[in-house]
Amino acid sequence: MMASHASNDGMVFICAGLTLGAVVTAVASFLLLKKGRQEKAAQANGEAQHAIDDSERWPAGPLSIYFGSQTGTAEGFAKTLAAEGARKGFNTQVVDLEDFNEFQLAEAGKAIFIMATYGEGDPTDNAMAFMDWLKQAGKDASLASTGLRYTAFGLGNRQYEHYNRTGKATHAGLAEAGAELMFEYGEGDDDGTLEDDFEAWKEKMWAAVAPEAEGVPSFEADAAAPPEALLLAELPFALHFLSNAEAAALAPTPEYEAAASTRYYWQGRSATVVVNRELRAWTEDGGSTRHVEVSLDGTDLAYETADNFVVLPENPADAVEALAQAQGYRLDQWFTIEHGSGGDKAAFPTPCTVREALTRYVDVCGVPRKGTVERLAAFAADPAERARLARLVSRGARDEFRAFVTDARRTLAELLTRDFRSARVPLAHLLHAVPHLQPREYTIASSAAAHPRAVHLTVALLREDRGGGRRFHGLCTRHLAALEAPGAPLRALVRASTFRLPADDAVPIILVGPGTGIAPMRALLQERRHRRARGAAILYFGCRSAQRDYLYRAELEAFLADGTLTALRTAFSRDQAAKVYVQDRLREHGAEAWRLLRDGGAHVYVCGGTAMGADVAAAFADVAKDAGGLDDADAKAFMQRLHAEGRYVQELWS
Ligand SMILES: Cc1cc2nc3c(=O)[nH]c(=O)nc-3n(C[C@H](O)[C@H](O)[C@H](O)COP(=O)(O)OP(=O)(O)OC[C@H]3O[C@@H](n4cnc5c(N)ncnc54)[C@H](O)[C@@H]3O)c2cc1C
Ligand SMILES: Cc1cc2nc3c(=O)[nH]c(=O)nc-3n(C[C@H](O)[C@H](O)[C@H](O)COP(=O)(O)O)c2cc1C
């Protein structure tokens with residue numbers, strides 16, 4: 001079914017099974033590319049007539065794997081299940097929930113849902129419409145007579161209040177709609193054990209759902225198997241190298257062909273960094289927080305005060321070059337990607353050069369999960385390296401993998417250029433196996449009224465000492481810090497946030513924004529100054545030391561001086577023997593907070609780390625009890641009402 005040859009010379013192509021579970025066996029020729037996308041689709045359909053019989057090829061029948069994913073993990077899990085399911089005889093199809101179709105689900109037979117939770121217990125963007133549909137489907141019992149059998153796995157993080165709410169809601173919703181559970185719902189915790197949780201669940205799931213099938217062949221099980229046997233069958237696309245002239249003649253992939261989960265590659269715009277300066281007075285401990293101003297001139301981007309700026313980070317040039325050299329990739333080589341007729345969408349726009357793909361689209365400078373290493377491990381040529389990799393990804397060596405890769409923050413590029421140098425991964429396999437580079441969000445620290453064509457960002461550089469002299473640099477913060485102002489380009493888009501001032505400026509506001517959580521508070525205060533608002537506005541800001549990391553000190557004091565702020569309450573955790581945090585300061589002023597909340601209808605805004613968010617929420621509940629005299633149940637109900645009325649808004653990240 002497949003011939004393969006991977007090289008960077010000229011117009012060489014890889015031809016593989018074009019869709020994982022689809023019935024088409026297509027041979028893509030280079031000439032086909034020139035005929036345009038519609039003709040290609042028609043030809044692929046024609047070839048489908050020669051497809052071999054479904055039931056012979058996929059004895060286990062169809063299996064649809066739906067995913068709701070914000071940052072790609074659930075999507076990766078779905079792809080893993082699809083590959084494993086295909087080896088077990090299922091005709092698998094991975095479906096982005098943005099492309100959800102209720103009629104297809106009704107006829108799917110068997111379905112697996114891999115669902116991440118985002119925001120404050122919300123569905124991911126691509127699953128919003130599906131979850132709305134599911135609510136109604138539950139009321140109408142829409143799946144009752146379809147014979148649909150399902151299971152679901154939730155991805156969440158225990159640090160968040162609503163742990164795995166979307167996974168649980170999916171499971172409950174499908175059951176209510178009348179689908180039959182074929183294996184128990186499972187969930188994983190991204191605060192430490194997500195991959196292990198998923199592995200344990202899927203092992204039992206396959207045993208229940210496909211008891212007759214053989215065990216899933218894996219690199220761990222058969223480290224001596226040639227890479228082709230394990231991996232080539234999984235390539236759902238063909239990669240074609242192009243000359244410069246051929247690339248120039250080819251139209252770029254249009255946005256309507258984009259996968260929902262990576263549409264941001266099409267939507268990102270090139271803005272310009274105009275200011276990039278240090279905000280901390282003292283950086284000798286290695287800490288650094290940058291104030292970055294980005295001009296939107298020349299783009300169609302627009303924002304509302306305290307929206308989120310979604311930055312598309314890039315891998316550093318030196319890492320990309322080292323990887324290309326080690327792998328024998330030619331960085332200036334153009335290529336394009338052709339999908340089969342199985343409905344797969346494009347993960348990133350092509351044609352592009354190898355440099356562009358490695359810089360913008362694949363997360364080669366991220367710390368890989370075990371599944372990624374396993375998929376690439378089979379390419380190690382050196383027997384000793386293969387054996388070591390086989391051990392590293394084996395179930396018995398979880399702690400070893402965690403210590404060597406996860407905790408040490410070894411990036412994929414490091415593994416391929418230093419630790420396992422004999423692994424030569426054909427470009428198509430690298431592009432398929434490695435997760436896509438995810439955008440990072442930054443709460444905009446400026447008011448759209450005061451600065452309509454510029455966004456301001458407050459960016460804490462992420463640097464972590466990982467022992468043995470190893471230092472991990474956060475990908476996006478390193479990228480942002482290195483952008484020279486004025487003039488450096490930055491690819492980004494805007495996403496709405498939940499921070500909105502009350503329409504009536506007389507309504508009091510309580511802002512809690514320690515550290516970089518100050519960003520939206522600065523934006524809201526700029527907005528209030530612009531509006532000349534004069535209602536009560538109290539800001540709680542916290543950091544380690546007044547002399548070292550008090551961000552925007554002069555500006556905050558100026559807000560106080562001109563009446564934009566009516567109180568500025570600071571908590572410097574390390575300036576005295578006993579640690580003091582914003583939640584402590586809030587409790588100190590509990591009577592005032594209660595009065596503003598109960599009598600004034602105050603709105604509360606909280607931004608920063610998840611742990612701080614939980615502490616601040618607990619402090620507000622204490623205020624309701626201590627100052628308001630409520631009992632536990634009433635304090636809880638009071639907090640819930642604030643949330644429901646949109647008067648307690650928070651954006652937290654871990
Ligand atoms: C709505 C929202 C608003 C935000 N606003 C701001 C803001 O205003 N200012 C700000 O500074 N930040 C903000 N953030 C955080 C920001 O989006 C980034 O997460 C942050 O800047 C770090 O990005 P990075 O690419 O530099 O780090 P990354 O490279 O993404 O690393 C992030 C962390 O993950 C860890 N990590 C990486 N790989 C693994 C692995 N395999 N296993 C376990 N851990 C791993 C790293 O050690 C590190 O601690 C916001 C986040 C959200 C969701
Ligand atoms: C901004 C943000 C909000 C999140 N909110 C929640 C939440 O409310 N509940 C939860 O269980 N997990 C939450 N998570 C954790 C994610 O569900 C978890 O990291 C998951 O693995 C992400 O999967 P994905 O990469 O497919 O989007 C949140 C993560 C982020 C970054």
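Order of listing sets the numbers, starting from 1, for every ligand and every atom in it.
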For atom 16 (C) of ligand 2, what is the closest protein heavy atom, and at what distance to 0.1 Å? Thr117 O, 3.4 Å
Please check if the distance between the ring centroids of Phe77 and Phe67 is under 6.0 Å. no
Is the cationic atom of Arg388 (NZ for Lys, CZ for Arg) positioned less than 6.0 Å from the six-membered ring centroid of Phe404 and within 45 degrees of its normal? yes
Between Thr193 and the options Asp189, Asp196, Asp190, Asp197, the side chain to side chain donor-acceptor pair (under 3.5 Å) test singles out Asp197
In terms of atom number and element, which parts of ligand 2 are under 4.0 angstrom from non-hydrogen atoms of His162? 7 (C), 8 (O), 9 (N), 10 (C), 11 (O)
Are side-chain N/O atoms of Arg280 and Thr289 paired as donor and acceptor at under 3.5 Å? yes
Which segment of Asp190 sits under 4.0 Å of ligand 2 when only heavy atoms are counted: side chain
Note, Thr458 side chain near Tyr552 side chain (heavy atom, < 4.5 Å): yes
Just to confirm my output: which protein heavy-atom neighbour is closest to atom 9 (N) of ligand 1, and how far is it? Thr458 O, 2.8 Å
For Arg466, I'd like to know if atom CZ has over 12 heavy atoms of other residues, nucleotides or ligands within 6.0 Å. yes
Kindly confirm or rule out an N or O of Glu75 lying under 3.5 angstrom from an N or O of ligand 2. no
Can you check salt bridge (charged side-chain N to carboxylate O under 4.0 Å, His left out) on Asp96 and Lys345, steps first, answer last? CA-CA 10 Å; Asp96 186 326; Lys345 299 277 186 72; over 6 Å; no
Under a 4.0 angstrom heavy-atom cut-off, which atoms of ligand 2 come close to Asn164? 10 (C), 11 (O)
Would you say Asn308 and ligand 1 have an N/O pair spaced under 3.5 Å apart? no
Donor on one side chain, acceptor on other, Asn276 and Glu484, under 3.5 Å: no
Which residue and non-hydrogen atom of the protein lie closest to atom 8 (O) of ligand 2, and at what distance in Å? Gly121 N, 2.8 Å
So which protein heavy atom does atom 41 (N) of ligand 1 come closest to, and at what separation? Val367 O, 3.2 Å
Arg528 vs Leu501 side-chain heavy atoms within contact, under 4.5 Å: yes
Nearest heavy atom to atom 37 (C) of ligand 1: which of Phe309, Trp653, Phe472 does it belong to? Phe472
Specify side chain, backbone, both or neither for Thr289, according to which of its non-hydrogen atoms lie closer than 4.0 Å to ligand 1. neither
Any heavy-atom pair between the side chains of Glu184 and Thr151 that's under 4.5 Å? no
Classify the side-chain pair Ser446/Gln526 by whether it contains a donor and acceptor separated by less than 3.5 Å. no
Give yes if a backbone or side-chain nitrogen or oxygen of Gly119 is under 3.5 Å from a nitrogen or oxygen of ligand 2, and no if not. yes
Atom 27 (O) of ligand 1 protein-contacted, heavy-atom criterion under 4.0 angstrom: yes
Look at atom 29 (O) of ligand 1 and say which protein heavy atom is nearest, naming residue and atom and giving the distance to 0.1 Å. Leu475 N, 3.0 Å
Find out whether Glu187 and Trp201 are in side-chain contact, i.e. whether some heavy atom of one side chain is under 4.5 Å from a heavy atom of the other. no
If the cut-off is 4.0 Å to any non-hydrogen atom of Thr406, which atoms of ligand 1 fall inside it? 42 (N), 43 (C)
Side-chain H-bond candidate by donor/acceptor type, Thr124 with Gln70, under 3.5 Å: no
Does Arg165 have a heavy atom less than 4.0 Å from any atom of ligand 2? no
Atoms of ligand 2 under 4.0 Å from any heavy atom of Leu155, numbered from 1 in the order shown, are 17 (O), 20 (C), 21 (O)
Just wondering, do Val367 and Phe472 contact through their side chains at under 4.5 Å, heavy atoms? yes
Is it the side chain, the backbone, both or neither of Leu194 that has a heavy atom closer than 4.0 Å to ligand 2? side chain
Would you say the side-chain atoms of Tyr118 and Thr71 include a donor-acceptor pair closer than 3.5 Å? no
Residue, atom and distance of the protein heavy atom nearest atom 33 (C) of ligand 1 read Leu462 CD1, 4.2 Å
With a 4.0 Å heavy-atom cut-off (strictly under), which part of Tyr442 contacts ligand 1: side chain, backbone, both or neither? both
From the candidates Phe77, Tyr163, Tyr118, Phe198, the one that places a heavy atom nearest atom 31 (C) of ligand 2: Tyr118
So which bit of Tyr160 gets within less than 4.0 Å of ligand 2, heavy atoms only: side chain, backbone, both or neither? side chain
Answer side chain, backbone, both or neither: which part of Arg409 comes under 4.0 Å from ligand 1, heavy atoms only. side chain
Note: ligand 1 atoms sitting under 4.0 Å from heavy atoms of Glu651 are 1 (C)
Polar atom proximity, Gly72 to ligand 2 (N or O, under 3.5 Å): yes
For a quick check under 3.5 Å, do Ser261 and Glu75 share a side-chain donor-acceptor pair by atom type? yes
How close does the nearest protein non-hydrogen atom get to atom 30 (O) of ligand 1, and which residue and atom is it? Arg440 NH2, 2.9 Å
Within less than 4.0 angstrom of ligand 2, does Trp653 place any heavy atom? no
Atom indices of ligand 1, in the order listed, that fall short of 4.0 Å to a heavy atom of Val459: 11 (O)
Do the non-hydrogen side-chain atoms of Met115 and Phe130 ever get within less than 4.5 Å of each other? yes
Polar proximity ligand 1 side, Ala460 side, N/O cut 3.5 Å exclusive: yes
How are the rings of Phe348 and His436 set relative to one another: parallel (under 30°), tilted (30 to 60°) or perpendicular (over 60°)? perpendicular
If you have a sec, work out which protein heavy atom is nearest atom 23 (O) of ligand 2 and how many Å separate them, to one decimal? Ala116 CB, 3.4 Å
Any nitrogen or oxygen of Thr443 lying under 3.5 Å from a nitrogen or oxygen in ligand 1? Just yes or no. yes
For atom 12 (N) of ligand 2, which candidate among Thr124, Asn308, Asn157 provides the closest heavy atom? Asn157
Option with minimal heavy-atom separation from atom 17 (O) of ligand 1, where the choices are Glu464, Arg495, Glu441, Arg463: Glu441
Test log, rule side chain to side chain contact (heavy atoms under 4.5 Å, CB included), inputs Asp363 and Thr372: CA-CA 11 Å; Asp363 194 11; Thr372 307; over 6 Å; no
Measure the distance from atom 25 (O) of ligand 2 to every protein heavy atom, then report the residue, atom name and distance (to 0.1 Å) of the closest one. Thr71 OG1, 2.4 Å
Any nitrogen or oxygen of Gln70 lying under 3.5 Å from a nitrogen or oxygen in ligand 2? Just yes or no. yes
